[in-house]
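All residue numbers in this chain count up from 1 along the given sequence.
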Amino acid sequence: MITIKQIYTKCLSQASYFIECRGEAAVIDPIRDFAIYTRLAAERKVEIKYIFETHFHADFISGHLDLQKATGACIIYGPEATPVFAAHVAKHTERFTLGDAMFEVLHTPGHTVESSCFLLYDEKKIPVAVFTGDTLFNGEVGRPDLLGGNFNKYVLAEKLFHSIHDVLATLPDAVLVYPGHGPGSACGKNIVSGHTGNIGDQRKKNHAFLRTRKHDFIQAVVSDLPEAPSYFFEDAQMNRVGYPALDCILEQAGNAFT
């Protein structure tokens with residue numbers, strides 16, 4: 001049996017996920033305070049096997065490194081990721097078992113070049129849920145202008161068009177969609193209410209699915225983008241190259257007041 005728990009951080013409008021099956025667990029896009037996941041693992045008597053990162057986050061510092069240190073779990077990114085620390089950079093459609101369940105990596109560039117979704121199959125090998133990070137939100141898609149490296153927003157928007165129409169739109173309607181953000185996040189322009197949905201809902205209501213002409217899609221995605229907060233680019237770099245352990249930061253802060 002698969003259990004999915006969404007951990008929603010309101011100040012970031014950000015969702016991370018704890019998925020377990022038959023004594024094994026995976027965490028997707030963990031927040032900095034990683035203890036919530038280790039507590040869940042202890043309570044549920046499961047081992048955290050994987051830490052899946054959908055991309056190098058720009059709006060917050062991820063807890064992937066501290067969680068890996070605490071659990072020994074493997075950090076997994078999709079294709080074209082360039083982490084400086086030890087991690088597994090998966091191939092498109094590479095699969096990872098979790099108990100009787102299985103994850104498949106879907107490379108979906110557009111928000112960033114390494115952006116990937118993780119498709120969850122049940123014990124019967126039926127796809128049941130997709131964790132879309134900042135590629136797909138409820139009613140919206142991720143911005144293509146936050147961390148493109150050598151790619152401008154138009155190039156990334158074109159990649160996003162193909163990620164939506166050639167990858168995510170091919171999934172069955174019943175597949176549940178678990179996005180990385182809800183309304184209020186600066187990672188998408190017009191994210192609508194609701195922290196979950198399914199592919200069928202998005203096919204009917206999400207403008208990105210409805211815009212089947214590439215030119216129209218690109219223009220809609222790149223227009224009227226608000227200015228990105230300046231710290232976004234620094235955060236994304238820290239998530240790629242690493243950062244001091246949370247315990248060290250807390251210890252230093254405590255010493256400053258003694």
Side-chain angles (χ1 to χ4, degrees), residues 4-17 19 28-31 52-60 62 78 106-120 129-148 153 156-171 173-212 216-229 232 235-236 239:
I4 299 172
K5 182 175 178 60
Q6 184 185 71
I7 297 149
Y8 198 78
T9 306
K10 291 183 179 179
C11 61
L12 294 170
S13 300
Q14 188 266 349
S16 62
Y17 297 92
I19 304 97
I28 298 178
D29 293 340
I31 59 172
F52 289 107
E53 288 278 46
T54 56
H55 63 296
F56 296 121
H57 305 284
D59 58 320
F60 70 100
S62 175
L106 303 178
H107 188 210
T108 51
H111 177 63
T112 66
V113 293
E114 79 284 353
S115 286
S116 296
C117 300
F118 301 107
L119 181 61
L120 177 64
V130 62
F131 300 85
T132 56
D134 289 17
T135 297
L136 175 66
F137 305 125
N138 192 17
E140 187 56 279
V141 290
R143 292 173 56 169
D145 65 323
L146 297 184
L147 188 70
K153 62 183 178 182
L156 284 174
E158 181 176 2
K159 290 179 179 293
L160 185 57
F161 173 85
H162 290 292
S163 294
I164 295 298
H165 290 284
D166 298 345
V167 181
L168 294 179
T170 67
L171 299 178
D173 284 351
V175 171
L176 298 173
V177 173
Y178 289 100
H181 290 288
S185 170
C187 294
K189 286 192 299 184
N190 298 300
I191 305 173
V192 302
S193 61
H195 298 162
T196 60
N198 62 44
I199 290 294
D201 293 335
Q202 301 308 309
R203 204 186 309 281
K204 294 175 184 176
K205 300 177 182 179
N206 190 314
H207 76 93
F209 280 76
L210 296 172
R211 298 181 194 275
T212 56
D216 293 343
F217 178 100
I218 292 173
Q219 290 304 311
V221 167
V222 303
S223 65
D224 301 321
L225 289 169
E227 184 176 356
F232 270 29
D235 279 5
N239 282 324

### Message
I'd like to check the side-chain contact (heavy atoms from CB on, under 4.5 Å) partners of A15; sequence neighbours left out, ordered by chain and number.
### Response
Q6, Y8, Y17
### Message
Return the CG to OG1 distance between L176 and T132, rounded to the nearest 0.5 Å.
### Response
11.5 Å
#### Entry: Approximate separation, where rounding is to 0.5 Å, of S185 OG and L12 CG
8.5 Å
### Query
Which distance, rounded to the nearest 0.5 Å, do you find between the CG of D216 and the CZ of F161?
9.0 Å
### Query
Hey, which of L160, T212, L210 is the one that makes side-chain contact (heavy atoms from CB on, under 4.5 Å) with F217?
L160
### Query
Does the side-chain contact (heavy atoms from CB on, under 4.5 Å) test come out yes or no for F131 and L120, once each step is laid out?
CA-CA 8 Å; F131 300 85; L120 177 64; 4.1 Å; yes
#### Entry: side-chain hydrogen bond (donor to acceptor under 3.5 Å, both in side chains) against N206, all qualifying residues, sequence neighbours excluded
Q202
### Task
Can you see which heavy atom on P179 is nearest to which on V177, and at what distance?
CD-O, 3.5 Å
### Task
Can you establish whether the number of heavy atoms outside D166 located under 6.0 Å from its atom CG is more than 12?
yes
### Message
Could you work out, with ring-ring contact (aromatic ring centres under 6.0 Å, His included) as the rule, every residue matching F118, not counting sequence neighbours?
### Response
F52
### Message
Rounded at 0.5 Å granularity, tell me how far CD1 in I191 sits from CG in L136.
### Response
10.0 Å
### Any donor-acceptor pair under 3.5 Å from H162 side chain to P109 backbone
no
### For G142 against V221, the heavy-atom pair lying closest together
O-CG1, 4.5 Å
### Task
Could you name each residue pair satisfying salt bridge (Lys or Arg N to Asp or Glu O under 4.0 Å) that touches residues 173-197, not counting sequence neighbours?
D173-R203
### Query
Can you name the nearest heavy-atom pair linking L146 to H111, along with the distance?
CD1-CE1, 3.6 Å
#### Entry: Partner residues of L119 under the side-chain contact (heavy atoms from CB on, under 4.5 Å) criterion, sequence neighbours left out
E104, L106, Y121, P127, V130, L171, V175
### Message
Testing the basics here: between A186 and F232, what is the closest heavy-atom pair and its distance to 0.1 Å?
### Response
CB-CZ, 3.8 Å
### Task
Taking side-chain hydrogen bond (donor to acceptor under 3.5 Å, both in side chains) as the test, write out the residues that go with T135, two or more places apart.
T108
### Summary
Applying side-chain contact (heavy atoms from CB on, under 4.5 Å) to A174 and not counting sequence neighbours gives none
### Message
Show every salt bridge (Lys or Arg N to Asp or Glu O under 4.0 Å) that has at least one partner inside residues 135-144, sequence neighbours left out.
### Response
R143-D145
### Separation of D134 CG from S116 OG (nearest 0.5 Å)
12.0 Å
### Query
Would I4 and Y178 count as a side-chain contact (heavy atoms from CB on, under 4.5 Å) if you check the C-alpha gap in whole Å, the side-chain angles of each, and the deciding distance to 0.1 Å?
CA-CA 10 Å; I4 299 172; Y178 289 100; 3.9 Å; yes
### Query
Can you name the ring-ring contact (aromatic ring centres under 6.0 Å, His included) partners of F209, sequence neighbours left out?
none
### Query
Can any side-chain N or O of Q14 pair as donor or acceptor with the backbone N or O of I31 at less than 3.5 Å?
no
### Message
My understanding is that only one of P229, C187, S13 makes a side-chain contact (heavy atoms from CB on, under 4.5 Å) with D59; could you say which?
### Response
C187
### Message
Donor-acceptor pair, distance only, cut-off 3.5 Å: does the side chain of S115 make one with the backbone of T112?
### Response
yes
### Task
Taking the side chain as every heavy atom from C-beta outward, state whether E53 and P30 have any pair of such atoms under 4.5 Å apart.
yes
### Query
Going by atom types only, do S62 and N239 share a side-chain donor-acceptor pair under 3.5 Å?
no
### Query
Who passes side-chain hydrogen bond (donor to acceptor under 3.5 Å, both in side chains) against D235, sequence neighbours left out?
none
### Message
Classify the ring geometry of H57 against H55: parallel below 30°, tilted from 30° to 60°, perpendicular beyond 60°.
### Response
perpendicular
### Task
Can you sort out the partners of S16 under side-chain hydrogen bond (donor to acceptor under 3.5 Å, both in side chains), two or more places apart, ordered by chain and number?
Y37
### Task
Of all the heavy-atom pairs spanning V192 and P183, show the shortest one and how long it is.
O-CG, 3.3 Å
